[in-house]
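Below, chain A is the first sequence line, B the second, and so on; all start at residue 1.
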Protein chains: 2
Amino acid sequence: MSHPSHPRRTPITIRDVARKAGTSPATVSRVLTGSANVRPEKREAVLRAIEELNYTPNLLARGLKTQRTQTLGVIINNIQDIFYSTVAKGIQDYATRNGYLIIIADTTDDLDRERKMLQLMRDQSVDGIIFAPMGGNQDLVKELQEEGIALMAVDRTLEGIQLPTVLVDNRKGAEKLVDHLIKEGFQRIALINSHKPITTYQEREEGYRNALRAAGWQIDERLIMRGGPRMADGRAMTIALMKRHPLPDAIFAASGSLALGALAALRELQLSVPDDIGFVVFDDFDYYRIFSPTLTAVRQPAYQIGQTAAALLLGAIREEKPLPPSPTILPVELMVRESSQKRR
Amino acid sequence: MSHPSHPRRTPITIRDVARKAGTSPATVSRVLTGSANVRPEKREAVLRAIEELNYTPNLLARGLKTQRTQTLGVIINNIQDIFYSTVAKGIQDYATRNGYLIIIADTTDDLDRERKMLQLMRDQSVDGIIFAPMGGNQDLVKELQEEGIALMAVDRTLEGIQLPTVLVDNRKGAEKLVDHLIKEGFQRIALINSHKPITTYQEREEGYRNALRAAGWQIDERLIMRGGPRMADGRAMTIALMKRHPLPDAIFAASGSLALGALAALRELQLSVPDDIGFVVFDDFDYYRIFSPTLTAVRQPAYQIGQTAAALLLGAIREEKPLPPSPTILPVELMVRESSQKRR
DNA sequence: ATGAAAGCGCTAACAT
DNA sequence: ATGTTAGCGCTTTCAT
């Protein structure tokens, strides 16, 4: 016992307020929650006591009693990823405006970690969870739903289960990009993609294939690269790609991280965009407008995805009514810039 | 009453486990916390019951009883800002590894919001709070400390109060950048800074002034721009700057956001870096290596800042001993790239 | 080693 | 309108 137990300084409770206001804890609780009428004088006295004692309610105790914590869980792949942090920001702003706090965890796309985090949030009694499902953990998700926790997916879909979702049309976005490259006159369009079994990546690849097929082209599998999802992986894939035949004359990077890696590789190889090779990317960021050349991209409304998800979820939590069964699909926008302009 | 009250399906409690295991709640608690010896057979029975019932403890109830929630609060300026999200990631990884969950809130540098969030986290009974203080709210911070909540500052200092802090040497970082520009032969070095009374900005400006003075130069106040902290503000300041005399031949942007705006402005003005104007920025990111030209920057160990803060804080929480009084200063590194190289 | 009982701070019947 | 009481699920004395 070298360290004496060090309890928090006894905080002020509802009893202290009641005593000071000359009333009962129940009445204090009533003014706190506004749940019932309290005579004006008493209410004043209580308010004054709260003010003087600088009292704030213990949310743990309240949550234990009410089974509601005014807290939302957010589970995303990676907080450092600007797409996800923007989604989180959208959730955060909406939640805060409505008196909810958010607990954030990221998984770095590890399925076990996703599972652990879902459980931990359940144990913390969050009122709802917004997450970017990796696929898998359907059993747990169903279990949580049955326990009455409102669940909501963003960015990705989860199969075999009824789960409300907010995302964009990845297929169409990819189609737009590839179609644009084709119209610009590019002939051998490569795809740099992640091999992770995540729906967004898969759908973007489908969009790529659809666009090529729609143009009547044959798909050359040698132009399709798959690897890890990180910047370094994008770089490696691009270097490998540019060492082989046939050489592509344009690259479609399926995500921002992959694109950064791919561009780093092209830079190292001293290839200039778009003169030596055209370039487009799924997911747009502010700094793409500053790159030289500026980057053609498909813009996803990341912030709005977060806002929408939070709004739907809180609506459901407060109205006690089920969430919309069909996915909410937000539009993507093609931003044509220099990197895809073939010099004629 | 159109909606029948919709309570969560009664979850499994410690009593259910006790009943199934043929023992008392107290004993179940004992095996859960490992607080006392339990006869092996009983322990087995309890473990089996937990397994079969798929029981997990209610963390709210536990927290209410123990006054410990295994939760850390994180309050930063903006989650979307990659510097802060990287700090948060460092905190998150360390916290998760040690069984702690994190609650994140951002303030967009609004002092009232910072205050509200600090209070909210206190009311949520977090065990500790890591935050980037704006300055102000010292009274509340002191109050929370007295209540036994472990507080820790990152990135910025808070004056007039004893608060453990992890940050970098902003002055020296700025000096390094400006000194480098001077050595490269630039003669009129402008500063694009935020006018917010945040210590990081102020210290970077001091570093800028120190470096000029050390070179024996007179400081030209017309080359110092101050405005909002956002990308758009950086753009506006740069455009204003380039319309006036004397014209700078180099720009030092005091933050990443300001730099992005400044670069956008230079691009619009068709000025090329570094031929028309040199450029350096405080805070380095992956994509600076991909810009054309690549950007000279000072690198802050953002992830490590988060890790260190979390480690110190959890150490203090678990050891029940006070935090180090003097600030922990992490080194910055000058990354010289193309944007600051004067063509000779 | 283990069970009974109290209590963390709050809200919500139930009385009056 | 307001006070009394019970209880949310857990841990922790205190007995035994």
Side-chain angles (χ1 to χ4, degrees), chain A residues 5 7-47 49-50 53-71 122-125 127 147-148, chain B residues 1 5 7-46 49-50 53-71 122-125 127 147-148:
Chain A
S5 130
R8 300 215 172 158
R9 209 174 53 118
T10 333
I12 292 104
T13 78
I14 209 171
R15 298 181 67 87
D16 302 318
V17 177
R19 197 171 321 121
K20 180 142 202 156
T23 180
S24 73
T27 299
V28 177
S29 174
R30 285 183 187 108
V31 341
L32 245 32
T33 60
S35 60
N37 277 347
V38 173
R39 206 166 355 122
E41 311 102 73
K42 284 234 171 241
R43 138 172 264 101
E44 288 306 318
V46 167
L47 259 17
I50 287 177
L53 293 173
N54 196 16
Y55 164 84
T56 54
N58 179 323
L59 268 20
L60 249 39
R62 179 180 284 171
L64 180 60
K65 179 66 189 177
T66 61
Q67 311 275 51
R68 287 266 170 269
T69 53
Q70 306 276 106
T71 300
R122 178 257 306 274
D123 297 345
Q124 286 276 354
S125 308
D127 295 340
E147 287 174 14
Chain B
M1 310 296 125
S5 130
R8 302 218 171 150
R9 206 174 53 117
T10 333
I12 291 104
T13 77
I14 209 172
R15 299 182 66 87
D16 302 318
V17 176
R19 198 172 320 118
K20 180 142 204 157
T23 180
S24 74
T27 299
V28 176
S29 174
R30 286 184 186 109
V31 343
L32 244 34
T33 60
S35 59
N37 278 346
V38 172
R39 211 170 345 130
E41 311 102 72
K42 285 238 169 234
R43 138 172 263 102
E44 286 307 317
V46 168
I50 287 176
L53 293 173
N54 196 17
Y55 164 84
T56 55
N58 179 324
L59 267 21
L60 248 39
R62 178 179 285 175
L64 181 59
K65 181 67 188 175
T66 61
Q67 311 275 50
R68 286 267 171 268
T69 53
Q70 306 275 105
T71 299
R122 177 258 306 273
D123 298 344
Q124 285 277 353
S125 308
D127 295 339
E147 287 174 14

Given D/dT2, is OP1 or OP2 found less than 4.0 Å from the side-chain N or O atoms of A/Ser24? no

Specify the angle, to 10°, made by the local axes at the two ends of the helix from C/dA1-D/dT16 to C/dT16-D/dA1 when five pairs are taken at each end. 40°

Please produce a list of atom pairs where a protein N or O lies less than 3.5 Å from an N or O of nucleotides 14-16 of chain C.
none

Short side-chain N/O contact from B/Thr23 to OP1 or OP2 of C/dT2, under 4.0 Å: no

Closest approach of B/Ser24 and B/Ala18, non-hydrogen atoms and distance? C-CB, 3.5 Å

Output all residues satisfying side chain to side chain donor-acceptor pair (under 3.5 Å) with B/Thr66, sequence neighbours left out; order by chain, then residue number. none

Looking at side-chain heavy atoms only, is the closest gap between A/Gln124 and A/Thr71 below 4.5 Å? no

Can you tell me how far CG of A/Leu53 sits from CD1 of A/Ile12, rounded to the nearest 0.5 angstrom? 6.0 Å

Can you sort out the partners of A/Ser29 under side chain to side chain donor-acceptor pair (under 3.5 Å), two or more places apart, ordered by chain and number? none

Which residues pass the salt bridge (Lys or Arg N to Asp or Glu O under 4.0 Å) test with B/Lys65, not counting sequence neighbours? none

Test item: A/Thr13 and A/Asn58 side chains (from C-beta on) under 4.5 Å apart, heavy atoms: no

Worked verdict on B/Leu59 versus B/Arg62 for side chain to side chain contact (heavy atoms under 4.5 Å, CB included): CA-CA 5 Å; B/Leu59 267 21; B/Arg62 178 179 285 175; 4.2 Å; yes

Across the strands shown, which category fits B/Ser29 at heavy-atom distances under 4.0 angstrom: base, sugar-phosphate, nothing? base

Residue pairs passing the salt bridge (charged side-chain N to carboxylate O under 4.0 Å, His left out) test where at least one lies in residues 24-40 of chain A, sequence neighbours excluded: A/Arg39-A/Glu41

Of the residues in residues 33-42 of chain A, which ones touch DNA chain D at a heavy-atom distance under 4.0 Å? A/Asn37, A/Val38, A/Arg39, A/Lys42

Can you tell me how far P of C/dG9 sits from CG of B/Asp123, to the nearest Å? 13 Å

Among all residues two or more places apart in sequence or in another chain, which pass the salt bridge (Lys or Arg N to Asp or Glu O under 4.0 Å) test with B/Lys42? none

To the nearest angstrom, the CD1-P distance between A/Ile50 and C/dC10 comes to 10 Å

Sorted by chain and residue number, the side chain to side chain donor-acceptor pair (under 3.5 Å) partners of A/Thr23 (sequence neighbours excluded) come out as A/Thr27

Determine, step by step, whether A/Leu32 and A/Tyr55 satisfy the side chain to side chain contact (heavy atoms under 4.5 Å, CB included) criterion, reporting the C-alpha distance in whole Å, the side-chain angles of both residues, the deciding distance to 0.1 Å, and the verdict. CA-CA 11 Å; A/Leu32 245 32; A/Tyr55 164 84; 3.8 Å; yes

Euclidean distance, atom CG of residue B/Leu32 to atom C1' of C/dT2 [Å, nearest integer]: 16 Å

Which of residues 14-21 of chain A have a heavy atom under 4.0 Å from DNA chain D? none

Could you pull out the protein-nucleic contacts involving nucleotides 5-8 of chain D (nitrogen or oxygen on both sides, under 3.5 Å)?
from  : atom 1 : to      : atom 2 : distance (Å)
D/dG7 : N2     : A/Lys65 : NZ     : 3.3

Can you name the nearest heavy-atom pair linking A/Asp127 to A/Gln67, along with the distance? OD1-O, 4.2 Å

Under the rule for salt bridge (Lys or Arg N to Asp or Glu O under 4.0 Å), what residues qualify as partners of A/Arg19, not counting sequence neighbours? A/Asp16

Examine distances only and state if a side-chain atom of A/Thr69 and a backbone atom of A/Ser125 form a donor-acceptor pair shorter than 3.5 Å. yes

Write down the atom of B/Leu64, the atom of A/Ala61, and the distance for their closest heavy-atom approach. CD1-CB, 3.8 Å

